[in-house]
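One structure is given here, and the rest of the page talks about it.
Only heavy atoms go into these numbers, but all of them, side chains included; no hydrogens, no water, no symmetry mates. Computed from a predicted model, the values in this text were never measured in an experiment. Whatever order the structure lists them in is the order used to number ligands and atoms, beginning at 1.
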Amino acid sequence: MRDSIQSAKRIVIKVGTSTLVYPNGNINLGAINQLAFVLTDLRNQGKEVILVSSGAIGVGLNKLKLNSRPQTIPEQQAVAAVGQAALMDIYNQRFMTYGQQVGQVLLTRDVVVFPESRQNVTNTFNSLLKLSVIPIVNENDTVAIDELDHLTKFGDNDLLSAIVTEVTAADLLIMLSDIDGFYTANPVKDPSATLHSQISEISDEIMAQAGGSGTKFGTGGMRSKLNAAKRILANHKQMVLANGHDPLIICGILKGHDIGTWFNANN
Ligand code: ADP
């Protein structure tokens, strides 16, 4: 049993586009509804919950009836602008079904780099949580410039979720992906790969087992998840990487069940 997970009070949950959007591009309302149900229930138990959600571009493509991601950055940012508003609209509707208020927090990297604005971000999260609101966080895609611009852009929501865990001093990050956890090799390419149940250090050997993204919507792949885990471990926090296909999995994770890969330096 993973005891320290069961006692986690402040929890960051990151969902990837693969949880929110079907492979055919349509929005997975069932998954979003389950997510709203589970997170509201956690809130009702007295836990403090923060959701980091990807999906703005995936939902934007759906809304604009586009089949593929546009090539240029301004076009991608336009799609994200449409998608982010639509995604928040869906979240708001679903969470309100359970009587749970949500708030949108859009971040760029510079605000967490500079101590003063970083403190403002922390204060905002604390105020939202005090008001029993579930903050829904994303990178501010419409103004963050491009992958090479390390000042404004986080690059991927895996890193963003690790940084949100840091600035909110959360106890645990649950990262939901399209795969059951971190394997000894990419199972899509190597069927003999086995799941790591627990990892206490991101060694070079572990890093070498990570491959890129497996899907058209996925961005970071396993390398970016391990980089996020590295940051989490360096800050003496813990992270569980698990499959977000059914968001009810969050309940099992928080009961300390052996689900996904548990990144924890303390054991
Ligand atoms: P998400 O969109 O959920 O963030 P990504 O597509 O970015 O997900 O990353 C998950 C994908 O990483 C998996 O579907 C898998 O194809 C790939 N992958 C590469 N190496 C590994 C590994 N060692 N263990 C598990 N998955 C891996």
Side-chain angles (χ1 to χ4, degrees), residues 12-28 30-32 34-35 51-62 68-69 76 79-80 83-84 87 136-139 141 147 153-165 173-232 239-250 253 258-263:
V12 177
I13 292 156
K14 185 253 168 182
V15 287
T17 307
S18 55
T19 302
L20 308 170
V21 177
Y22 287 114
N24 66 9
N26 290 328
I27 296 163
N28 187 339
I32 298 179
Q34 289 283 43
L35 201 55
L51 176 63
V52 175
S53 176
S54 303
I57 291 192
V59 171
L61 292 175
N62 176 271
S68 59
R69 230 178 150 102
Q76 288 174 14
V79 173
Q84 180 64 28
L87 185 60
I136 301 182
V137 189
N138 193 10
E139 173 147 28
D141 288 320
E147 280 82 327
K153 199 149 169 65
F154 294 101
D156 60 74
N157 274 3
D158 297 328
L159 183 61
L160 172 64
S161 63
I163 291 174
V164 168
T165 306
L173 169 60
I174 298 178
M175 197 178 274
L176 298 180
S177 183
D178 63 351
I179 196 140
D180 290 345
F182 180 63
Y183 285 75
T184 50
N186 186 351
V188 176
K189 294 183 181 151
D190 179 355
S192 69
T194 55
L195 182 70
H196 287 281
S197 166
Q198 190 180 342
I199 289 176
S200 55
E201 192 198 342
I202 313 296
S203 60
D204 291 347
E205 192 193 334
I206 289 290
M207 208 63 194
Q209 296 175 0
S213 171
T215 64
K216 73 166 170 169
F217 291 120
T219 47
M222 273 304 141
R223 265 177 236 116
S224 79
K225 286 165 188 43
L226 288 191
N227 282 330
K230 212 177 219 176
R231 213 169 158 134
I232 289 286
M239 168 176 143
V240 175
L241 174 65
N243 198 325
H245 175 67
D246 178 2
L248 280 175
I249 200 170
I250 295 168
I253 293 171
D258 187 13
I259 295 171
T261 304
W262 183 29
F263 295 88

Notebook entry, point to check: Measuring from the heavy atoms of Lys225, does anything fall under 4.0 Å of ligand 1?
Noted result: yes
Notebook entry, point to check: With only distance considered, is Gly211 within less than 3.5 Å of ligand 1 through an N or O on each side?
Noted result: yes
Note to self: When you measure from the heavy atoms of His196 to every atom of ligand 1, does any distance fall below 4.0 Å?
What the structure shows: no
Check: Does ligand 1 have a heavy atom under 4.0 Å from the side chain of Asn186, from its backbone, from both, or from neither?
Finding: both
Next item on the list: Using side-chain contact (heavy atoms from CB on, under 4.5 Å) as the criterion, point out the one residue from Ile174, Ile232, Asp158, Thr165 that pairs with Met239.
Entry: Ile232
Next item on the list: Mind listing the closest non-hydrogen atom pair of Ile259 and Val240 along with its distance?
Entry: O-CG1, 3.7 Å
Check: Closer than 4.0 angstrom: is that true for some heavy atom of Gly181 and an atom of ligand 1?
Finding: yes
Check: At under 4.0 Å between heavy atoms, which part of Pro187 makes contact with ligand 1: side chain, backbone, both or neither?
Finding: side chain
Next item on the list: Run the numbers for me: atoms of ligand 1, each under 4.0 Å from some heavy atom of Tyr183, listed by number.
Entry: 22 (C), 23 (N), 24 (N), 25 (C)
Next item on the list: State, to 0.1 Å, how close Ala193 and Ala185 come at their nearest heavy-atom pair, and which atoms those are.
Entry: CB-O, 3.3 Å
Item checked: Contacting atoms of ligand 1, where contact means under 4.0 angstrom from a heavy atom of Gln209 -> 23 (N)
Notebook entry, point to check: Which ligand 1 atoms are under 4.0 Å away from a heavy-atom of Ser18?
Noted result: 3 (O)
Notebook entry, point to check: Looking only at heavy atoms, what is the nearest atom pair of Ile199 and Phe182, with distance?
Noted result: CD1-CD2, 3.5 Å
Margin query: I want to confirm something. Looking only at heavy atoms, which of Ser177, Ala210, Ser54, Gly16 is nearest to atom 3 (O) of ligand 1?
Written below: Ser177
Item checked: Atom of Val12, atom of Ser161 and distance for their closest heavy-atom approach -> CG1-O, 4.1 Å
Next item on the list: Could you check Thr184 against His196 for side-chain contact (heavy atoms from CB on, under 4.5 Å), going step by step and ending with a plain yes or no?
Entry: CA-CA 7 Å; Thr184 50; His196 287 281; 3.8 Å; yes
Next item on the list: Quick one: closest heavy-atom pair of Gly55 and Leu87, and the distance?
Entry: C-CD2, 4.0 Å
Next item on the list: Please indicate whether any nitrogen or oxygen in Thr17 is less than 3.5 Å from any nitrogen or oxygen in ligand 1.
Entry: no
Notebook entry, point to check: Is it true that the side chains of Ser53 and Asn138 contain a donor and an acceptor less than 3.5 Å apart?
Noted result: no
Notebook entry, point to check: What is the minimum heavy-atom distance between Gly181 and Met222, and which atoms define it?
Noted result: O-CE, 4.1 Å
Check: Looking at Lys14, which atoms of ligand 1 are within less than 4.0 Å of one of its heavy atoms?
Finding: 4 (O)
Item checked: Any N or O of Gly221 closer than 3.5 Å to N or O of ligand 1 -> yes
Note to self: With a 4.5 Å cut-off on side-chain heavy atoms, are Val21 and Asn28 touching?
What the structure shows: no
Notebook entry, point to check: Less than 3.5 Å between some nitrogen or oxygen of Asp158 and one of ligand 1, yes or no?
Noted result: no
Next item on the list: Please work out whether any backbone atom (N, CA, C, O) or any side-chain heavy atom from C-beta onward of Val188 is under 4.0 Å from ligand 1, and answer side chain, backbone, both or neither.
Entry: side chain
